[in-house]
Structures are given as structure tokens and as C-alpha cells.
Amino acid sequence: MKMNHKLFRLVWVFSLSAIIIAGCSGNGNGHVKQSGTAAPGNDDKKTATKRQTFTMSIWDIEKSFQNRENDELLKKVEQDFNITIKPVNVTWSDYNEKFNLWATSGELPDLFVTDLTLSTTYNTWVQQNIIRPLPDDLSPYPNIEKLLKQPDLAPLQKDGKFYFVPRQSKLTADDFALERGFIVRKDWMEKLGFKTPTTFEEYKALFKAFAQMDPDGNNKDDTVGLTTNHVPLLQSLFLGSVPELTESYSWLQEDGKWIPSFVSKNMIDGIVQFRQLYEEGALDKDFAILKTGDGGDKFAQGLAGAINMQMTDAMMKGLKDKWMKYGHEQEFEDSIILLPIWQHMDGNNYRNYSASAYSGLFFSSKVDDEKMAAILKLIDFAISTPGERLFNYGIEGKDYTIENDKIVLTREKDSATGTLKPLNQLYPSVDTLSFAFKSFGTVQFPMDIRIADKGEKLVKMHDEMYDYMINKFKAPDINWEVLYLSTPAKDKLKNVKYWDDIVRIVLDNEEPDKLWEQVVKGYEAKGLNQAITEVNEMKK
């Protein structure tokens with residue numbers, strides 16, 4: 001889940017002092033790109049139908065709509081689009097339960113955000129007419145229409161119809177390239193005499209040295225080799241054996257037929273590598289019980305030589321902030337190096353690659369055509385350049401102006417600090433409106449604001465590593481059509497918790513190949529072979 005992304009983005013973007021922002025649409029030329037969908041003008045209002053009121057549900061929406069009487073940004077949105085949004089609250093801990101209950105009772109909100117894609121629930125709701133599809137003609141909504149033509153999103157159709165608007169986490173599947181990798185203590189590598197590793201054996205030797213050769217020189221056995229910031233991220237280790245597993249529950253062709261990637265014959269090679277890292281002391285012995293962020297704390301304290309995590313400038317900045325609390329003699333940027341996952345057995349190097357949307361905006365089947373049109377008009381604006389400006393920089397003429405083709409932030413400052421007030425302090429609804437329609441990873445902030453927040457060195461490391469990964473590493477061959485294909489048995493495989501099984505095998509003492517063979521037999525009892533038969537029949 002990406003539950004903290006919206007707050008993370010709002011904090012770093014809007015706490016900056018007045019900054020001249022070039023090219024807010026991310027086109028890189030320093031000019032404001034005047035494309036997208038503008039809010040309705042006066043002519044639109046004259047010809048508009050009656051005001052539409054609709055219910056909307058997304059995580060913690062209630063909090064951001066509490067002060068709607070004084071929220072000028074929310075008032076502007078509702079006035080411009082002739083709508084009234086009625087919040088229906090869910091939390092990260094109860095949203096699945098509530099949506100299922102409301103679906104059963106016929107009380108789903110008109111518009112709601114969830115991660116139902118590729119689930120049996122989603123397919124059931126389509127079959128039972130619980131959610132309504134988008135209209136066939138999307139020409140009135142050009143940004144939505146363009147979005148649904150992306151290669152990784154177009155196959156989301158069911159029977160020729162889209163039943164939700166994908167809510168992007170990144171603009172493209174390639175943009176996930178830095179979402180998995182290693183941040184490594186370069187200074188420790190140099191001290192211990194290691195060159196940059198490429199193969200699994202070289203990585204294993206390096207991580208073992210971090211754990212066993214006293215890299216910090218304190219004569220204590222107090223360091224681990226490789227740790228992780230979030231246990232499921234360790235699935236990226238399989239880029240060296242089954243790269244298709246970078247997209248969970250993807251399928252691949254093996255021996256002439258389609259099979260789930262998690263039962264590939266190469267899975268055992270990845271599991272053996274994982275087990276070796278654990279058994280030989282290269283991997284944090286406590287990896288399986290780490291809470292999210294624990295690994296980052298270890299690395300920041302100088303207790304780990306490498307950490308498996310995202311290699312983005314944002315995540316590096318968060319790790320640096322922790323690092324600075326512990327009085328290191330050397331700067332964070334000068335102490336680290338970014339490294340990819342080791343080379344695959346086939347001699348190629350693979351990078352992280354995933355569908356650009358993990359969740360979507362869904363519509364109750366009780367929404368009529370007029371209300372649907374009003375909602376889609378809002379969504380189309382929200383994912384456009386003008387919408388992005390409104391929800392990230394505020395109201396033009398008050399919170400920012402455009403001068404010499406550049407955006408200048410002019411909003412109210414905090415009297416105590418002299419810095420700009422966070423946008424969500426001025427307009428609480430922006431916590432929802434900036435997050436509901438697409439996630440923070442799609443916002444392309446220009447170079448100057450990135451450097452002002454992250455620092456030039458981290459931004460340079462990020463950009464150089466991204467270019468290197470895109471140009472030198474292969475994207476796994478993910479077949480989006482097969483990924484999104486729905487059959488009765490295939491849909492049930494989403495209930496297979498293969499990652500939990502892998503971790504259990506790594507921690508076990510028995511031979512991993514025998515244990516994995518038993519696990520796969522268990523999957524067969526749950527309908528694996530039937531799923532394979534159904535998929536291959538449909539792909540003939």
C-alpha cells in the first residue's frame with residue numbers, strides 16, 4: 001500500500017520557501033506547458049445541466065473535508081464543475097470490509113477509490129452489475145481517453161469496456177526502474193577492498209564482508225550485511241532468476257505454455273540464492289520480523305552495509321534525514337553508491353517494471369448518465385496539466401502566478417518561520433483532491449524544486465541511475481493482456497500467498513527444493529493446473 005505517499009508529497013512540496021518553478025508540467029524546457037483540460041468557463045456554466053451531487057470515498061476523506069465552508073479551493077472546484085461532493089469515509093484498515101458491505105447492501109458510494117483490479121471481487125462486481133462501466137465514447141474526456149490507450153492499461157478492458165479509471169502511481173511502467181535496488185556503503189566497500197559487484201556470488205561476498213569483517217572498525221560484531229526497508233521489497237532479488245515476478249501474479253511463457261511466474265522452473269534458483277544469503281550471514285538474520293522502516297534505521301545508524309529499498313531521490317532524502325541524526329563524519333551522499341540487483345543467469349540485467357496503476361476510480365451502478373458525466377469531467381480535469389497545477393500549487397493569482405512563462409509561488413507565508421504555509425493548511429481538501437485521481441509519483445516536478453528539496457547530489461545520483469537502468473537494463477517481458485485476463489481458476493490464484501511461502505522456506509532448515517516442490521503441489525490442489533489450462537485455451 002502507498003498509504004503515506006500523499007502526506008509525504010505535500011510536506012516536501014509545500015514547505016519550501018518561495019521558489020520560481022519552471023515547466024510545472026515536467027517537459028523540461030523551463031516553460032509552462034499550456035495543454036490539458038481547463039476548468040469549465042462561463043459559457044460552459046450557461047449550458048450546464050442541473051447541479052450534480054455525488055458521494056465520494058477514499059482513504060481518510062472525512063478529515064480533509066471537515067472545514068469545507070472555509071476551503072476556497074474546494075469551493076472553486078465545486079463551483080467550476082457545478083457539483084457538490086459528499087465525503088464517505090474509509091480508512092486504510094477498514095476500506096475493503098466497508099466496500100464489500102456496501103456492495104452487498106447496494107450502498108456503494110457513487111465514486112470510490114480502491115485496489116480491486118485483478119481480484120475475484122472486481123470480476124464478481126462486474127458480472128453482478130454492482131459497478132458501472134465508462135461510456136463507450138470518451139471523446140468528451142480526452143485525458144481519460146489518452147490514459148486508457150497506454151500499453152500497460154489498455155488491456156484492463158473487460159468485454160470491450162472499462163469499469164474504472166486507472167489511478168496511476170507512475171506515468172509509465174518504465175518509471176518504476178528505481179523502485180527496487182540496493183543503497184550500499186561505498187566507503188565500506190572501498191575500505192574492505194571490494195569492487196562494484198555484478199554477479200550473485202560477488203554480491204553475496206560483499207554482504208558477508210559487511211557483516212563479518214568489522215567495516216566500521218569498532219572491534220564489535222554489530223553490523224549486518226544486507227537489510228531491507230520493507231520485507232516484501234526483497235521479492236526484487238528474483239530479478240536475478242525470475243524477472244517477471246517484478247509484477248506480482250504476472251504470467252510467462254515456459255516450455256510452450258503460459259504459467260504464473262511464481263511457479264517458473266527458475267523459482268527454485270531464486271529461492272536457493274535467498275536461502276544462501278540468509279544461511280551464510282549475508283542477510284539480516286531478523287529480516288522476516290522487520291517492521292517497515294526498521295532497516296532504514298539500521299542503515300542510518302551505521303549498523304548495515306546495504307539496504308534493499310527504492311533508489312529514488314525522495315527515498316534517499318528520507319534515508320539521509322535519518323542518517324544525519326547519528327553524527328557521521330562523512331556526508332551521506334559521499335558514503336553511498338546505488339547498485340542494481342545482480343545479473344540474471346541468462347547473462348542479462350533486468351530492472352524493476354510494473355503496471356503504472358495499482359488502483360482505480362470506480363463507479364456505483366446506481367450512478368446515472370448525467371452524474372457520471374459530471375464525475376468524469378472532474379476526473380479528466382484532475383489528471384490534466386491545469387488540474388495538476390491547481391492541486392499542487394493552489395489557486396492561480398492567489399497562490400501562484402505565471403511570470404515569463406514560469407510559475408512563481410506567492411501564497412501566504414508562516415509569520416513565525418517566513419516559509420510558505422503548506423497548501424493543505426490553507427485548503428484541507430487538497431489532501432484528498434491531490435491524491436484521489438493519481439498518486440504523487442506521476443507529478444513531474446522541475447529540476448530547481450527537486451534540487452532545492454533533495455540537494456543536487458541526490459538528484460544527480462537519481463537521474464544518472466535512472467538513465468543507466470533504462471538504457472542498459474532490460475525490462476522484464478510482462479504480457480499485460482495475460483496479466484489482466486480473467487478466468488474462474490486464474491482469479492482464485494490471487495489468494496495464493498507465494499511470498500509468505502518463500503519466506504517460510506528461507507527460514508527453514510530442510511532442503512529448499514523439496515520444500516518448494518511441496519508448496520507447488522499445494523497450489524495445484526488450489527486450482528493451479530486448471531488456471532493454466534484456462535489461460536492457454538483462451539490464448540490459442
Side-chain angles (χ1 to χ4, degrees), residues 1-16 52-81 83-103 107-116 164-165 167-169 292-293 314 318 358-364 375 378-379 381-383 387-395 398-399 411-412 414 416-417 419-443:
M1 283 309 194
K2 280 85 171 170
M3 63 186 74
N4 294 319
H5 284 179
K6 63 173 183 151
L7 296 178
F8 169 81
R9 178 166 61 85
L10 291 168
V11 167
W12 79 258
V13 172
F14 303 121
S15 62
L16 296 175
Q52 294 293 328
T53 297
F54 62 87
T55 53
M56 177 176 175
S57 186
I58 186 176
W59 305 283
D60 299 323
I61 186 174
E62 194 172 60
K63 294 178 182 178
S64 62
F65 275 53
Q66 287 178 345
N67 192 29
R68 64 183 307 149
E69 296 81 8
N70 300 314
D71 191 323
E72 292 184 37
L73 191 144
L74 177 58
K75 287 182 178 180
K76 174 178 173 57
V77 170
E78 292 188 328
Q79 179 179 343
D80 286 351
F81 289 90
I83 58 174
T84 299
I85 302 173
K86 297 180 66 174
V88 179
N89 202 59
V90 293
T91 68
W92 288 97
S93 60
D94 68 12
Y95 73 99
N96 277 323
E97 180 183 354
K98 282 188 174 180
F99 288 146
N100 285 327
L101 176 63
W102 293 333
E107 298 175 327
L108 275 174
D110 297 323
L111 171 65
F112 60 101
V113 178
T114 189
D115 51 357
L116 279 177
F164 62 93
V165 176
R167 178 176 167 273
Q168 287 187 292
S169 300
T292 300
Y358 79 96
S359 59
L361 295 126
F362 293 79
F363 313 89
S364 167
I375 295 173
L378 173 63
I379 296 172
F381 168 74
I383 65 175
E388 183 176 293
R389 288 207 296 265
L390 177 65
F391 297 146
N392 287 281
Y393 303 120
I395 299 172
K398 179 181 179 182
D399 302 304
R411 70 173 176 271
E412 185 179 344
D414 186 291
T417 64
T419 58
L420 295 174
K421 288 185 177 181
L423 200 62
N424 62 345
Q425 183 178 327
L426 300 173
Y427 314 117
S429 65
V430 81
D431 272 354
T432 288
L433 296 176
S434 65
F435 185 64
F437 307 105
K438 57 182 181 179
S439 191
F440 83 98
T442 63
V443 181

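The figures that follow rest on heavy atoms only: side chains count, while hydrogens, waters and symmetry mates do not.
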Value rounded to 0.5 Å, distance of [atom1] in [X] from [atom2] in [Y]:
{"X": "Ser429", "Y": "Lys63", "atom1": "OG", "atom2": "NZ", "answer": "15.5 Å"}
{"X": "Ile379", "Y": "Phe437", "atom1": "CD1", "atom2": "CZ", "answer": "6.0 Å"}
{"X": "Ile61", "Y": "Phe65", "atom1": "CD1", "atom2": "CZ", "answer": "4.5 Å"}
{"X": "Ser64", "Y": "Leu74", "atom1": "OG", "atom2": "CG", "answer": "8.5 Å"}
{"X": "Tyr358", "Y": "Gln168", "atom1": "OH", "atom2": "CD", "answer": "12.5 Å"}
{"X": "Ile58", "Y": "Leu361", "atom1": "CD1", "atom2": "CG", "answer": "7.5 Å"}

Indicate the atoms forming the closest heavy-atom contact of [X] with [Y], along with that distance.
{"X": "Arg68", "Y": "Pro87", "value": "NH1-CD, 3.7 Å"}
{"X": "Glu412", "Y": "Leu426", "value": "OE1-CD2, 3.6 Å"}
{"X": "Arg411", "Y": "Lys421", "value": "NE-O, 2.7 Å"}
{"X": "Thr53", "Y": "Lys86", "value": "CG2-CD, 3.4 Å"}
{"X": "Gln66", "Y": "Glu69", "value": "O-OE1, 4.2 Å"}

Should [X] and [Y] count as side-chain neighbours, where that means a heavy-atom distance under 4.5 Å?
{"X": "Val165", "Y": "Phe363", "result": "yes"}
{"X": "Lys98", "Y": "Ser57", "result": "no"}
{"X": "Asp399", "Y": "Tyr427", "result": "yes"}

* Asked: Is the side chain of Asp71 donor-acceptor paired with the backbone N or O of Asn67 at a distance under 3.5 Å, no angle test?
  ->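 Judged by distance alone, no pair lies under 3.5 Å.
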* Structure fact -> Hits for salt bridge (charged side-chain N to carboxylate O under 4.0 Å, His left out) against Lys75, two or more places apart or cross-chain, chain-then-number order -> none
* **Under 3.5 Å side-chain donor-acceptor pair for Asp110 and Ser364** => no
* **Partner residues of Thr91 under the side chain to side chain contact (heavy atoms under 4.5 Å, CB included) criterion, sequence neighbours left out** =>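 Asp60, Asn89, Ser93, Asp94.
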* By side chain to side chain contact (heavy atoms under 4.5 Å, CB included), which residues pair with Thr114, not counting sequence neighbours? ->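 For Thr114, the residues satisfying side chain to side chain contact (heavy atoms under 4.5 Å, CB included) (neighbours in sequence not counted) are Tyr95, Asn96, Phe99, Phe112, Leu116, Phe362.
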* Within a radius of less than 6.0 Å around CD of Glu62, do more than 12 heavy atoms belonging to other residues, nucleotides or ligands occur? ->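 No, because the 6.0 Å sphere around CD of Glu62 holds 12 heavy atoms or fewer from other groups.
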* **Qualifying residue, where the test is side-chain contact (heavy atoms from CB on, under 4.5 Å) with Met56 and the options are Ile85, Ile83, Ile375, Val88** => Ile85
* **Phe391 vs Leu423, side-chain contact (heavy atoms from CB on, under 4.5 Å): CA-CA, chis, key distance, verdict** => CA-CA 9 Å; Phe391 297 146; Leu423 200 62; over 6 Å; no
